[in-house]
Amino acid sequence: MKWYKIPDVKKTDQPFIKKVKVGNKSICLVGYEGELFALSAICPHAGEDLSRGWCAEGKLVCPVHRFSFNLHTGRGSPGQNDYVETYPVEVRGDDIYIGITGLWEKIKQAFK
């Protein structure tokens, strides 16, 4: 796993959603109820930008069709049958890092 420092974002207790580019991925960095989450910024339903959405009841809500995704697991709400990828987040001092697992690492893990 490779860890990427997210520039110009500091941990705060205030809720926020910020779209960041990590490697070649667009990711929503979400501050919600004192925790940090990182999820794919692209809604699998219609490709909308989830960073324009909002959080409610522990879910990131798509601004267009109201599809919602669990902040912890990325799973869509019941009946959606979809998900968004989630990524680990670490706070190191005042800096925020997001971890990205490469494709080959994922394949190796699947066969362990």
Side-chain angles (χ1 to χ4, degrees):
M1 179 175 304
K2 183 171 181 180
W3 290 91
Y4 294 85
K5 181 179 173 184
I6 307 305
D8 305 321
V9 180
K10 299 294 179 199
K11 186 172 184 335
T12 175
D13 289 334
Q14 299 299 314
F16 71 90
I17 300 173
K18 181 171 177 69
K19 186 173 170 181
V20 296
K21 198 72 159 167
V22 178
N24 63 349
K25 298 181 182 297
S26 291
I27 294 177
C28 281
L29 181 61
V30 178
Y32 181 75
E33 295 186 346
E35 293 185 69
L36 291 173
F37 303 91
L39 301 94
S40 172
I42 301 167
C43 181
H45 170 239
E48 295 296 332
D49 182 357
L50 291 174
S51 70
R52 297 181 328 142
W54 63 91
C55 290
E57 300 176 0
K59 297 177 181 180
L60 178 60
V61 182
C62 179
V64 177
H65 298 105
R66 309 295 191 262
F67 277 42
S68 59
F69 304 91
N70 182 293
L71 291 170
H72 291 275
T73 66
R75 294 200 183 279
S77 292
Q80 286 180 209
N81 298 320
D82 59 6
Y83 69 96
V84 292
E85 191 161 356
T86 61
Y87 305 91
V89 179
E90 285 187 2
V91 177
R92 301 176 189 170
D94 290 333
D95 298 319
I96 298 172
Y97 289 80
I98 296 176
I100 305 291
T101 302
L103 176 62
W104 289 113
E105 288 177 274
K106 288 180 184 179
I107 291 170
K108 287 179 188 176
Q109 289 173 357
F111 289 99
K112 283 187 176 180

Handout entry: Steps toward side-chain contact (heavy atoms from CB on, under 4.5 Å) verdict (Lys25, Ser40)
Key = CA-CA 8 Å; Lys25 298 181 182 297; Ser40 172; over 6 Å; no

Handout entry: Side chain to side chain, Thr73 and Thr86, heavy atoms closer than 4.5 Å
Key = no

Practice task
Please examine the side chains of Trp3 and Pro88, heavy atoms only from C-beta on, and report whether any two atoms are closer than 4.5 Å.
Solution key: yes

Practice task
For Arg75 and Tyr83, work out which heavy atoms get closest and say how close.
Solution key: CA-CB, 3.9 Å

Exercise for the section: Could you tell me whether Glu90 and Arg92 have a side-chain N and a carboxylate O separated by less than 4.0 Å? Expected result: yes

Problem - Separation between CG of Asp8 and NZ of Lys5, rounded to the nearest 0.5 Å - result: 9.5 Å

Handout entry: Mutual orientation of the aromatic rings belonging to His45 and Phe67 [parallel < 30°, tilted 30-60°, perpendicular > 60°]
Key = parallel

Handout entry: Within-4.5 Å side-chain heavy-atom neighbours: Leu29 and Phe16
Key = yes

Exercise for the section: For Glu85 and Gly74, indicate whether the former's side chain and the latter's backbone hold a donor-acceptor pair under 3.5 Å. Expected result: no

Completion exercise
On a heavy-atom basis, the closest approach of Asp49 and Ser51 is OD1-OG, 2.6 Å

Problem - Side-chain (Tyr32) to main-chain (Glu57) donor-acceptor, under 3.5 angstrom - result: yes

Problem - Co-membership, hydrophobic cluster, residues Tyr87 and Val84, 4.5 Å side-chain - result: no

Problem - Where Asp82 and Pro44 come nearest, the two heavy atoms and their spacing - result: OD2-CG, 3.7 Å

Practice task
Please answer: with hydrophobic residues joined when any side-chain heavy atoms are less than 4.5 Å apart, are Val89 and Ile100 in the same cluster?
Solution key: yes

Handout entry: Atom of Arg52, atom of Pro63 and distance for their closest heavy-atom approach
Key = O-CB, 3.6 Å

Exercise for the section: Examine Phe69 and Ile42 and state if one hydrophobic cluster contains both, with Ile, Leu, Val, Met, Phe, Trp and Tyr joined whenever side-chain heavy atoms are less than 4.5 Å apart. Expected result: no

Practice task
Give the cluster check for Val30 versus Val20: same hydrophobic cluster or not, with ILVMFWY residues linked at side-chain heavy-atom distances below 4.5 Å.
Solution key: no

Handout entry: Closest approach of Gly99 to Met1 (non-hydrogen atoms, all atoms of both residues)
Key = CA-SD, 3.7 Å

Fill in the blank from the handout: Heavy-atom nearest pair, Ala41 first then Lys19, reads CB-CG, 4.3 Å

Practice task
To the nearest 0.5 angstrom, please state how far the CG atom of Leu50 sits from the CG atom of Leu60.
Solution key: 5.0 Å

Practice task
Say whether Tyr4 and Ile96 are linked into one hydrophobic cluster, either directly or through other cluster members, by side-chain heavy-atom distances under 4.5 angstrom.
Solution key: yes

Practice task
Decide yes or no for Phe37 and Cys28: does some side-chain heavy atom of the first lie under 4.5 Å from some side-chain heavy atom of the second?
Solution key: no

Exercise for the section: Would you indicate whether the side-chain heavy atoms of Ile27 and Ile6 approach each other to under 4.5 Å? Expected result: no

